[in-house]
Amino acid sequence: MTTLHDDATDASKAVDVNDPRLSRFDIVKEGLRRDEIEIITYESQFQGKNSKAEKRVVRNIAFLFFIAGLGALAFLGFYIWWPWRFELGETLSDFYTPLLGISLGISLFAVGFAILAWAKKLLPHEVSIQARHDGGSPSDEQKITGQTMMFVADELGNGVQRRPLLKGAIGFGLAPIGLVAAAPLIGGLIENPHKDELPIMYTTGFNPGKNGGNPVRLTREDGSPIRPEDVSTGGQMTVFPGIPHGATNEYADSPTLLIHLRADDAQATRDAAEADRRNKGSMWGDYVAYSKICTHAGCPASLYEQQTNRLLCPCHQSQFLITRNAQPIFGPATRRLPMLPLGVDDEGFFVATSDFKDTVGPDFWERP
Amino acid sequence: MKRRKVDLQQAPVTAAKGVDERFQAATPLRALLNKVFPDHWSFLLGEIALFSFIILLLTGVFLTLFFDPSMKEVPYEGSYSALRGTMMSAAYESSLNLSFEVRGGLFMRQMHHWAALLFMASIVVHMARIFFTGAYRKPREANWAIGMILFLLGFLAGFTGYSLPDDGLSGTGLRIASAIMLSIPVVGTWLSASIFGGEFPGHLIIGRFYIAHVLLIPGGLLALISVHLGLVFKQKHTQWPGPMRTNTNVVGERMFPRYALKQGGFFMAVFGTVALMAGLFQINPIWLFGPYRASEVSSASQPDWYVMFMDGLVRLMPNWQIYIGDYSIPPLFWPAVVGLGALTTGPIFWPWIEARKTGDKRIHNLLERPRDNPERVGIGAMAFTFFIIATLSGGNDVIADKFHISLNAMTWAGRIGMIVLPPLAYFISVRICLGLQQHDREVLAHGVETGIIRRLPNGQFVEVHQPLGPVDDHGHPIPLEYGGWVVPKKMNRVGALAPAVKGFFFPVEKPAEAPVSPGMPPVSGDDREEITSGRK
Amino acid sequence: MTSDTPAGRRLRVFSRRRGAPSKARRRLGAAVRMVAALALAGGVYTAFAPGAFADEPRQLSATAQEGKQLYDNSCISCHGRDGQGVDDRGPSLIGVGSASVEFQVGTGRMPMTRQEAQAEEKKPQFDKNQTKQLGQYVQELGGGPELPAGELYEDVKENPEAIARGGELFRVNCTSCHSFTGAGGALSSGKFAPALHDATPETIYAAMLTGPQNMPVFGDNQLTPDEKREIITYIKVQLQEDRDPGGIFNLGGYGPSTEGIAIFLVGITILVFTSLWIAGKS
């Protein structure tokens with residue numbers, strides 16, 4: 001709209017703002033002209049002053065503000081006087097958070113709608129048009145700035161070019177300083193995952209090395225050891241290494257699922273295990289123990305279906321078949337769950353005769 | 001001694017002059033007061049994100065006053081009886097305490113969490129609006145890119161925040177995050193060990209996530225949001241085509257007072273919505289989850305909704321492991337590292353890709369109705385279908401359980417749907433766009449269907465059409481040109497009938513002011529050149 | 001299930017049961033199958049009746065006699081004569097104990113209406129007394145686990161630690177399938193772990209004791225009766241009776257999935273309507 005543009009910037013339309021005859025609106029319009037804005041429509045939403053419609057709108061807005069105040073007072077009241085400490089069972093304190101939310105919500109909503117109604121219904125209707133400039137600065141400006149930048153580059157660049165010593169010195173000086181900034185961050189954070197004598201990626205709490213070279217007992221979460229008869233047929237138990245802190249997150253890769261299979265399932269499982277190089281001899285009677293840490297993403301794959309003999313991981317639905325060395329049969333997991341070699345010590349408690357023979361937990365690049 | 005006379009009326013003027021002498025604020029302030037903004041409901045979606053970010057800052061600062069980002073094991077002694085005596089990390093204990101021992105703390109926590117979900121939801125909705133209307137075209141490509149980075153930062157902020165309470169659910173999430181790091185070829189184990197400070201979970205991660213969550217990521221968000229808004233301000237908002245609206249102007253209302261008031265009111269409405277939701281709907285009941293233990297997990301373990309698409313992709317990924325000599329790449333790597341990376345950074349380049357494909361180097365300040373660019377709508381529908389299927393698959397176990405579908409069937413449905421449905425969505429949406437376009441053209445050529453059937457002398461029935469423009473000598477309408485904006489298609493939109501329901505979505509139209517936008521009041525001037533061809 | 005349990009008052013977003021059409025279909029299926037079962041039972045009865053009475057080896061108590069009557073009418077077609085089991089149809093009931101009957105029949109899972117991935121909970125076909133009689137009969141068939149007498153949960157006022165210990169055990173043993181909130185969860189290929197909102201102490205106890213369907217068995221050596229009672233206390237007091245302190249609606253306790261739905265259906269919807277109103281012409 002070139003006409004509008006000319007109109008707005010046309011200096012001949014400028015007015016003298018010091019002219020005492022001008023109304024305030026005239027001065028505002030002069031400002032608009034300088035900002036290249038033209039008001040097309042500016043009219044009251046009501047016919048005549050104090051019209052019925054206007055009064056109704058004003059009443060509504062006042063009512064909304066009133067509601068807002070009430071809501072805020074209610075919020076404060078609830079906040080101060082409503083019982084808020086948690087108590088077991090159905091108590092009044094259960095409604096503390098809901099009441100705060102409802103009262104504050106109503107209050108803020110009412111304020112919001114009061115303001116919105118004011119802007120929408122009470123203020124005069126307005127349509128303004130402002131000119132828009134894009135497509136870059138004027139070409140001479142572009143040229144001047146470009147040349148200035150080139151000049152700056154020349155000032156610095158020529159200097160360096162004429163003084164080769166400086167060039168080398170800058171390179172030598174700045175590069176190490178950049179490295180100095182990065183060094184503490186990287187150097188402080190970096191950890192070698194394979195540095196320990198018993199490398200963390202391949203060792204769990206069941207490693208005899210964690211127990212002075214003796215086989216590690218299987219324990220419950222409270223540290224009590226487990227006898228074979230403690231696990232019901234068709235039952236499972238989450239077991240931990242029987243070493244200090246064995247059941248804590250310090251040994252996050254150690255939780256294991258000890259399963260007491262029914263005789264026929266146990267036979268199938270045994271057949272499969274005996275046929276396998278690694279799992280050979282790892283079962284004890286009808287008992288089998290698999291790492292609980294999913295080989296996909298590390299969640300506990302612990303949804304044991306005792307009839308179908310599947311272990312399901314609740315995070316990504318990988319399914320492992322217990323009777324087939326916990327081979328994955330569905331979902332994104334590629335690797336079977338490692339089997340823990342089981343034994344029973346002199347006192348009749350379960351022990352792990354060695355650590356897991358496969359790497360426990362999610363897969364990674366250099367896993368053997 | 002003469003008492004100095006204080007002219008109260010002149011005081012503000014004097015003060016203002018004083019300020020201006022120091023800051024020369026008069027001219028820029030006037031420009032700000034006068035700045036014109038176009039008005040349309042879809043331009044307010046981004047504001048929801050901005051306002052929820054402000055709520056996040058306010059509630060988040062409150063939460064930091066009580067949270068202890070330490071993984072030291074302590075016994076719980078608070079008022080929630082079902083955990084009393086349980087050993088837990090100090091982070092979890094302080095999260096429980098700020099929920100149960102701090103007056104109104106639980107309300108604040110729930111507001112914070114709902115505001116986070118709303119922040120991400122409104123970013124996605126806002127982004128969809130930008131995409132389907134072509135608002136990212138030159139000169140606004142950079143702002144589109146910034147918006148995508150904001151989504152990624154919000155994603156990270158959400159995930160770190162989700163991890164902080166160190167409850168059973170967030171620990172499971174951290175476990176998966178560590179597995180994702182492990183899956184990266186060559187450096188995986190080093191990366192995971194460096195970030196967790198040794199073996200998972202270690203004792204450092206909550207403290208590290210805390211500083212990222214309360215300082216680094218919000219700092220980045222704040223900086224980018226400022227640039228994002230600054231660019232909107234500098235480049236001026238896009239507008240829909242319509243009467244008087246051209247590529248070189250902005251039609252709307254001045255920033256003060258109307259537009260600013262509306263913004264303030266809308267902020268209050270967003271705040272009110274978050275407060276209502278925080279009061280009515282329980283979110284993340286950490287006290288039921290217990291402290292994180294590597295051996296404990298819950299069925300339906302899911303991340304917050306905006307991470308679910310990644311989790312869904314991980315669930316759908318077939319078990320393909322790549323072996324390279326003694327080394328291997330686990331299947332987790334593809335959806336979680338490559339997929340997430342590609343899905344969050346790929347769309348950044350879309351504006352340049354589209355411009356290159358169409359060879360369009362012009363500046364666009366007018367939006368395009370989605371139907372006028374079926375290709376773009378098709379691609380967008382494809383992308384969103386993909387995103388929705390991935391997100392739904394992230395909750396496929398809940399869907400399977402609650403709707404009695406086999407879990408395995410859900411996984412397969414997701415795998416197949418992911419390949420089949422996006423092209424289908426493309427095809428369908430393109431067809432719909434073309435159909436709508438054609439209908440617009442039809443109405444412009446023949447007029448509005450009146451619903452009146454006339455029988456001709458030869459027995460033929462014809463429907464009477466109301467021409468939108470002038471007619472030729474035979475009474476046939478002269479075809480009108482399409483102006484890129486709503487074409488009236490019903491008689492009551494051209495003023496023949498009173499609308500059945502008085503306007504909420506649509507205004508009550510006055511006769512003779514046919515093709516105006518719902519957000520555009522009628523024009524009083526008569527010398528305006530209209531760019532639509534509704535009625536000349 | 002029943003509205004007289006305290007849990008029945010809890011607000012829930014989804015119902016475990018499906019809508020009307022499938023219910024109707026199920027009823028129809030049930031009727032068809034009932035007729036078939038009756039016909040089959042009648043056939044079996046005429047074929048074996050004389051012999052069955054002739055070589056009755058055990059002396060059944062009076063209650064068990066009643067139970068046998070019910071069994072021969074409703075269960076025999078799948079579980080066979082004297083609970084011997086029928087291949088591909090129903091497992092043997094020798095040694096499953098009365099606790100199993102308490103769980104399966106008491107929750108309406110048995111008699112099954114059709115062969116599915118998993119028997120569904122429905123309105124029980126037998127009343128409490130009949131269930132007891134059936135249980136007694138099955139118990140006398142071959143022994144097995146029984147529910148103990150007395151209260152199956154602790155009084156939290158007298159024993160306040162029980163709920164915390166129960167919570168600990170619940171998270172170790174139960175949440176992986178039944179979820180932290182007791183909302184249940186999906187298992188492989190259409191099987192599922194049911195929600196615990198409406199489960200009675202007897203049902204939960206019997207389930208732990210017997211490991212129905214795919215649930216693992218938690219015998220008394222593994223979880224002592226005291227520990228079982230603590231778990232039930234946690235489920236009953238914390239998950240069923242306690243109102244969530246964080247809101248009126250708990251969105252079903254399904255975690256972030258329903259929270260994500262809520263933010264779009266409630267939050268975004270409210271605000272989009274608000275912005276429609278803001279920009280709409282007045």
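Keep in mind that what you see is a predicted model, and the values were worked out from it rather than measured. Letters A, B, ... mirror the listed sequences (proteins, then strands); counts begin at 1. For the numbers below, each heavy atom of this structure counts, side chains included, while hydrogens, waters and symmetry mates do not.
With a 4.5 angstrom heavy-atom cutoff, B:S122 touches chain C via backbone and side-chain atoms both. In this structure, chain C has heavy atoms under 4.5 Å from both the backbone and the side chain of B:Q302. For B:Y80, the part sitting under 4.5 Å from any heavy atom of chain C is the side chain, from C-beta outward, and nothing else. Looking at B:I48, only its side chain comes within 4.5 Å of chain C, counting heavy atoms on both sides. Only the side chain of B:L45 comes within less than 4.5 Å of a heavy atom in chain C; its backbone stays farther off. No part of B:L392 comes within reach of chain C, as not one of its non-hydrogen atoms sits under 4.5 angstrom from that chain. For B:V398, the part lying near chain C is the side chain, with the backbone staying farther off; criterion is any non-hydrogen pair under 4.5 Å. Contact annotation for C:I263: both backbone and side-chain heavy atoms come within less than 4.5 Å of a heavy atom of chain B. For B:L118, the parts sitting under 4.5 Å from any heavy atom of chain C are the backbone and the side chain alike. For B:A269, the parts lying near chain C are the backbone and the side chain together; criterion is any non-hydrogen pair under 4.5 Å. Only the side chain of B:V125 comes within less than 4.5 Å of a heavy atom of chain C; its backbone N, CA, C and O stay farther away. With a threshold of 4.5 angstrom between heavy atoms, B:F43 does not approach chain C through any atom at all.
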**OP:** Kindly determine whether C:E154 and C:T233 satisfy side chain to side chain donor-acceptor pair (under 3.5 Å), including the steps that lead there.
**Re:** CA-CA 6 Å; C:E154 308 276 335; C:T233 310; 5.5 Å; no
**OP:** Check the pair B:N396 / B:L407 against side chain to side chain contact (heavy atoms under 4.5 Å, CB included), numbers first and verdict last.
**Re:** CA-CA 7 Å; B:N396 63 3; B:L407 184 58; 4.3 Å; yes
**OP:** Please report the C-alpha distance between C:E161 and B:R84 in whole Å, then the side-chain angles of each, then the deciding distance to 0.1 Å, and finally whether the salt bridge (charged side-chain N to carboxylate O under 4.0 Å, His left out) criterion is met.
**Re:** CA-CA 8 Å; C:E161 287 101 62; B:R84 227 172 267 158; over 6 Å; no
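In terms of heavy-atom pairs under 4.5 Å with chain B, the best-connected choice from C:S188, C:C174, C:P245, C:G167 is C:P245. Options B:I283, B:V274, B:I399, B:D397 differ in how many heavy-atom pairs under 4.5 Å they form with chain C, and the most are formed by B:I283. Ranked by heavy-atom pairs under 4.5 Å with chain C, the first of B:S52, B:S81, B:A400 is B:S81. In terms of heavy-atom pairs under 4.5 angstrom with chain C, the leader among B:G395, B:A300, B:G279 is B:G279. Ranked by non-hydrogen atom pairs under 4.5 Å with chain B, the options C:A262, C:S257, C:P256 are led by C:P256. In terms of non-hydrogen atom pairs under 4.5 Å with chain B, the most contact-rich of C:P160, C:G260, C:A186 is C:A186.
No hydrogens or angles considered: a donor-acceptor pair under 3.5 Å links the side chains of B:R109 and B:S99. Residues B:R293 and B:S295 bring no donor and acceptor atom of their side chains to less than 3.5 Å of each other.
In summary, of the residues considered (C:V237, C:I163, C:I232), a side chain to side chain contact (heavy atoms under 4.5 Å, CB included) with C:Y153 occurs for C:I232 alone. Just one residue in the list B:Y292, B:F289, B:W287 forms a ring pair (Phe, Tyr, Trp, His ring centres under 6.0 Å) with C:F180, and that residue is B:F289.
Taking the six-membered ring for Trp and thresholds of 30 and 60 degrees, C:F170 and C:Y234 have ring planes inclined between 30 and 60 degrees apart.
More than 12 heavy atoms of other residues, nucleotides or ligands lie within 6.0 Å of OH in B:Y259, so this atom counts as buried by the packing criterion.
For the atom pair CG (C:D220) and CE (C:M208), the distance works out to 9.5 Å, reported to the nearest 0.5 Å.
Counting only distance, with no hydrogens or angles, the side chain of B:Q282 and the backbone of C:F249 share no donor-acceptor pair below 3.5 Å.
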